[in-house]
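A short write-up of the structure that comes next.
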There are 2 protein chains.
Amino acid sequence: MAVSAALLAAAGELTRRIHDGVVARGFEGVRPAHGFAFTRLAPDGATVTELAGHLRVTKQAASQLVEELVRRGYVERRPHPADARARLVVLTEAGWACTRAAEEAAADAVAEWADALGEGGVAELRDRLLRIAPGGPIRPVW
Amino acid sequence: MAVSAALLAAAGELTRRIHDGVVARGFEGVRPAHGFAFTRLAPDGATVTELAGHLRVTKQAASQLVEELVRRGYVERRPHPADARARLVVLTEAGWACTRAAEEAAADAVAEWADALGEGGVAELRDRLLRIAPGGPIRPVW
DNA sequence: CCTCAATGGTCAAGCTGCTTGACCATCGCG
DNA sequence: CGCGATGGTCAAGCAGCTTGACCATTGAGG
């Protein structure tokens with residue numbers, strides 16, 4: 001099998017495992033697209049337009065996704081401190097809990113990789129992956 | 001950045017590049033989901049139910065996807081040699097051409113990785129990825 | 001100061017891809 | 001054979017995204 005196929009297979013596996021892990025930890029009705037959004041919102045929040053750019057969808061779609069996350073209690077809209085047109089979307093405590101659950105699920109998967117590759121092997125894998133995707137995680141899916 | 005995030009970032013990048021490459025080679029209206037399907041159909045064809053299992057969707061959804069691919073001329077339905085209920089979905093010449101285009105686009109991306117990691121580095125990357133996703137490419141996206 | 005094009009955001013309508021539910025034809029075990 | 005299991009399609013509904021229109025606010029230039 002080619003490298004490219006292996007990469008896609010591994011990523012698909014990981015995505016599925018993170019999603020399953022998040023669900024198993026009690027967060028229902030949450031989709032991979034929400035994970036994309038959370039990773040963008042996590043540090044300090046973001047505007048709808050920024051989120052749209054991150055997810056590569058229209059700002060209307062991003063706005064709808066935010067609306068859904070607000071309904072589910074994972075994020076809230078706050079007035080933007082520097083621009084009265086904009087609104088800052090930030091994670092609620094539930095949003096942070098869900099993000100932590102995703103990180104735990106990812107860590108579980110990585111722990112299994114360490115069983116197969118060793119800690120050093122995982123570190124080298126990480127190093128190589130970072131060098132071929134230098135732009136950073138444009139869309140850190142789950 | 002964590003290994004998991006790096007993996008998802010690299011896979012997202014690769015997916016986008018393959019898709020762009022396929023479009024650039026003149027195959028319009030083709031979506032990543034079609035690529036998933038092609039990799040399953042490529043060797044010897046598959047039934048709709050097998051395809052559905054591969055894509056992790058319902059067989060109705062797979063059937064609709066096949067219908068669309070037939071309309072676009074990428075696949076055709078043939079009677080199944082051993083089961084009169086089933087129909088074997090196989091790639092047409094256009095389907096093979098599209099698959100080759102995807103492989104070329106993937107090879108282009110991998111060539112750039114080789115610039116950054118060296119041939120040996122890519123081989124090691126491949127080896128490690130295969131060991132953490134041993135089940136094979138359940139969903140070799142593009 | 002104003003003016004006004006650019007920007008952030010939402011509302012509304014429409015489309016596409018997927019799901020559930022029902023159904024028919026064929027298979028293959030007892 | 002008889003009949004549950006399996007492969008496939010038709011039909012209806014829904015969820016998520018898009019395009020298009022619109023309003024409020026911004027900020028650079030007269």
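Here the structure is a predicted model, which means the values were calculated and not measured. Naming: A, B, ... by sequence-line order, numbering from 1 per chain.
Taking a heavy-atom distance under 4.0 Å as the criterion, the stretch of DNA chain D touched by chain A extends 5' to 3' from D:dG16 to D:dT26.
Contact check on B:R17 versus B:E112 returns a salt bridge, with a Lys/Arg side-chain nitrogen under 4.0 Å from an Asp/Glu carboxylate oxygen. A salt bridge between B:E67 and B:R77 is present, with a side-chain N of the basic residue lying under 4.0 Å from a carboxylate O of the acidic one. Using a 4.0 Å cut-off between charged side-chain N and carboxylate O, B:R100 and B:E104 make no salt bridge. Between B:E124 and B:R128 a salt bridge is recorded (basic side-chain N to carboxylate O distance below 4.0 Å).
Remark: the B:R16 side chain and the B:H19 side chain contain no N/O donor-acceptor pair separated by less than 3.5 Å.
Of all the residues in residues 58-67 of chain B, B:T58, B:Q60, B:A61, B:Q64 reach under 4.0 Å from DNA chain C with at least one non-hydrogen atom.
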Quick one: which protein N/O atoms are closer than 3.5 Å to N/O atoms of nucleotides 4-7 of chain C? Pair and distance per line, please.
residue, atom, partner, partner atom, Å
C:dT7, O2, A:R85, NH1, 2.5

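For B:E76, the side chain to side chain donor-acceptor pair (under 3.5 Å) test picks out no residue, with sequence neighbours left out.
Hydrophobic cluster of A:V90: the remaining members, joined at side-chain heavy-atom separations below 4.5 Å, are A:L88, listed by chain and number.
Using a 30° and 60° split on the angle between ring planes, A:Y74 and A:F27 fall in the tilted class, from 30° to 60°.
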For residues 113-123 of chain A, please give each side-chain donor-acceptor pair under 3.5 Å, one per line with the distance, not counting sequence neighbours.
none

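Connection of B:V70 to B:L55 is established within a shared hydrophobic cluster, with ILVMFWY side chains joined at heavy-atom distances below 4.5 Å, either directly or through further cluster members.
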